[in-house]
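Worksheet: one structure, shown below.
Atom set for the values below is all heavy atoms of this structure, side chains included, hydrogens, waters and symmetry mates excluded.
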Amino acid sequence: MSKHIVWDWNGTLFDDALTGYRAACEVFAARGLPWVSAERYRAAYTRPIQDFYVRLFGRPLAPGEFDRIDEEFHDAYGRALASVSLATGARETLHGWRESGGTQSLLSMFRHDALLALVRRLGIADEFTRIDGLVGPAGGRKAAHFAAHLAALQLDPAEVVLVGDSLDDADAAAEIGASCILFNGGYHDRAALAVAAVPIADSMAEALPELLRWATELRRPSDAEAS
């Protein structure tokens, strides 16, 4: 039976949560929108991103407002990317999983071309059997992209674990029948992640043992098979 990880990028392998928050604050300030604390930002975070902004601003978005904010956010975020790197222990965790005999791929709601450039710059492209970023409108949910990603890899969701940092990752996994482990280092706070009732790793050092346990359980025959 296969053992395959689908990794999320932003806030999981890529340690950009603080950078994303600061870029958002830069855009909010330029638009005369209220300042928000990092704690409130993480507590309110959700997908679709349009819903996140409604939570933060306390009002519906005007027609076209999300598209303008999204473009301005990506401009501000892009200016800061040179200083952002992998999460502590991410490189070792990727290597450790591959050394254990597992396979892994990368699925992100970050724009595809920018994702590829980052992964290559950081020297980890060879760790993945497939890399998929977002092509098309921004701000949506991950489930449909996750299903398409697994279909392209010809993988059974029951043989896959999605590792991400958001409830949208947990929802995507549940929707198509995959396992999920959440990483507490990204865009949600830990209290929000706990709602999903899936394992939570507080560091990459914790993530790899959790993944190995998952793989062991996956290979273990059921009672019916054993008899």
Side-chain angles (χ1 to χ4, degrees), residues 4-21 23-24 38 41-42 45-47 49 52 77 80-81 83-98 102-112 114-125 127-134 138-143 145-146 149-150 160-174 176 178-196 198-212 214-215:
H4 184 88
I5 300 173
V6 176
W7 291 97
D8 173 56
W9 181 245
N10 302 97
T12 304
L13 291 176
F14 195 53
D15 189 18
D16 69 337
L18 182 58
T19 299
Y21 163 70
Y41 186 90
R42 292 185 80 209
Y45 186 80
T46 191
R47 296 191 77 93
I49 297 297
F52 172 45
Y77 175 86
L81 273 184
S83 63
V84 186
S85 191
L86 295 174
T88 301
R91 195 180 302 274
E92 294 78 8
T93 302
L94 292 170
H95 179 74
W97 180 255
R98 180 164 52 81
T103 57
Q104 53 201 340
S105 57
L106 181 59
L107 175 66
S108 177
M109 302 297 283
F110 189 53
R111 294 170 178 178
H112 184 73
L115 175 67
L116 286 179
L118 280 170
V119 171
R120 289 166 180 161
R121 171 171 72 81
L122 293 165
I124 57 171
E127 296 285 358
F128 306 111
T129 58
R130 186 178 179 90
I131 299 172
D132 283 325
L134 182 66
R141 296 182 62 247
K142 182 173 279 186
H145 299 279
F146 187 29
H149 183 77
L150 295 191
V160 172
V161 62
L162 173 62
V163 182
D165 72 312
S166 75
L167 293 177
D168 187 50
D169 293 307
D171 289 344
I176 70 168
S179 299
C180 184
I181 295 171
L182 292 177
F183 175 62
N184 178 34
Y187 282 77
H188 272 302
D189 61 14
R190 202 181 200 285
L193 297 180
V195 173
V198 301
I200 300 172
D202 288 309
S203 68
M204 283 293 166
E206 289 184 14
L208 183 56
E210 190 68 50
L211 288 163
L212 293 172
W214 165 80

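- Residues L118 and F110 have side chains in contact (heavy-atom distance under 4.5 Å, counting atoms from C-beta outward).
- Atoms OG and CG, on S85 and L13 in that order, are 11.0 Å from each other to the nearest 0.5 Å.
- Between the CD1 atom of I181 and the CD atom of E210 there is a distance of 5.0 Å, given to the nearest 0.5 Å.
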Between V119 and W9, does a side-chain contact (heavy atoms from CB on, under 4.5 Å) hold up when you go through it step by step? CA-CA 9 Å; V119 171; W9 181 245; 4.0 Å; yes
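- L211 places a side-chain heavy atom less than 4.5 Å from the side chain of V163.
- V84 and R121 get closest at one heavy-atom pair: O-NH2, 3.5 Å.
- Side chains of S166 and H188: a donor-acceptor N/O pair is absent below 3.5 angstrom, by distance only.
- Here the closest heavy-atom approach between residue I176 and residue A143 is recorded as CG2-O, 4.4 Å.
- Formation of a donor-acceptor pair under 3.5 Å by the R47 side chain with backbone atoms of D169 is not found in this model.
- Judged as a side chain to side chain contact (heavy atoms under 4.5 Å, CB included), and not counting sequence neighbours, the contacts of A173 are F146, L162, A178, C180.
- Between Y187 and Y41, the two ring planes are tilted [angle within 30° to 60°].
- Considering every non-hydrogen atom in both L182 and A196, the closest pair reads CD1-CB, 4.0 Å.
- With respect to the salt-bridge test (charged N to carboxylate O, under 4.0 angstrom), the residues D202 and R190 qualify.
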Would E92 and M204 count as a side-chain contact (heavy atoms from CB on, under 4.5 Å) if you check the C-alpha gap in whole Å, the side-chain angles of each, and the deciding distance to 0.1 Å? CA-CA 9 Å; E92 294 78 8; M204 283 293 166; over 6 Å; no
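- No side-chain donor from either of Y45 and D189 sits under 3.5 Å from a side-chain acceptor of the other.
- Screening D165, D8, D168 for a salt bridge (Lys or Arg N to Asp or Glu O under 4.0 Å) with K142, the sole residue that qualifies is D8.
- Qualifying side chain to side chain contact (heavy atoms under 4.5 Å, CB included) partners for D15, counting only residues two or more places apart in sequence or in other chains: A87.
- Here the closest non-hydrogen pair linking R42 and N184 is NH2-OD1, 3.7 Å.
- Looking at I124 and L106, their side chains never come closer than 4.5 Å, going by heavy atoms from C-beta outward.
- Separating the CG atom in L208 from the NE2 atom in H95 is a distance of 10.5 Å, to the nearest 0.5 Å.
- Side chain of Y77 to main chain of G20: no donor-acceptor pair is present (N/O by atom type, distance under 3.5 Å, no hydrogens or angles).
- L150 places a side-chain heavy atom less than 4.5 Å from the side chain of V6.
- At least one donor-acceptor pair under 3.5 Å links the side chain of W97 to the backbone N or O of T103.
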For I200 and F183, run side-chain contact (heavy atoms from CB on, under 4.5 Å): C-alpha distance rounded to whole Å, both residues' side-chain angles, the deciding distance at 0.1 Å, then the answer. CA-CA 6 Å; I200 300 172; F183 175 62; over 6 Å; no
Kindly determine whether I131 and L116 satisfy side-chain contact (heavy atoms from CB on, under 4.5 Å), including the steps that lead there. CA-CA 8 Å; I131 299 172; L116 286 179; 3.7 Å; yes
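- From D132, atom CG reaches atom OG of S108 across 10.0 Å, with rounding to the nearest 0.5 Å.
- Of the possible donor and acceptor atoms, one in the side chain of Q104 sits under 3.5 Å from a partner among the backbone N and O of L94.
- Judged by distance alone, the side chains of W7 and T12 never bring a donor and an acceptor atom under 3.5 Å apart.
- Of the possible polar contacts, one joining the R91 side chain to the L122 backbone as a donor-acceptor pair under 3.5 Å is found.
- Smallest separation of non-hydrogen atoms from P209 and A205: CD-O, 3.1 Å.
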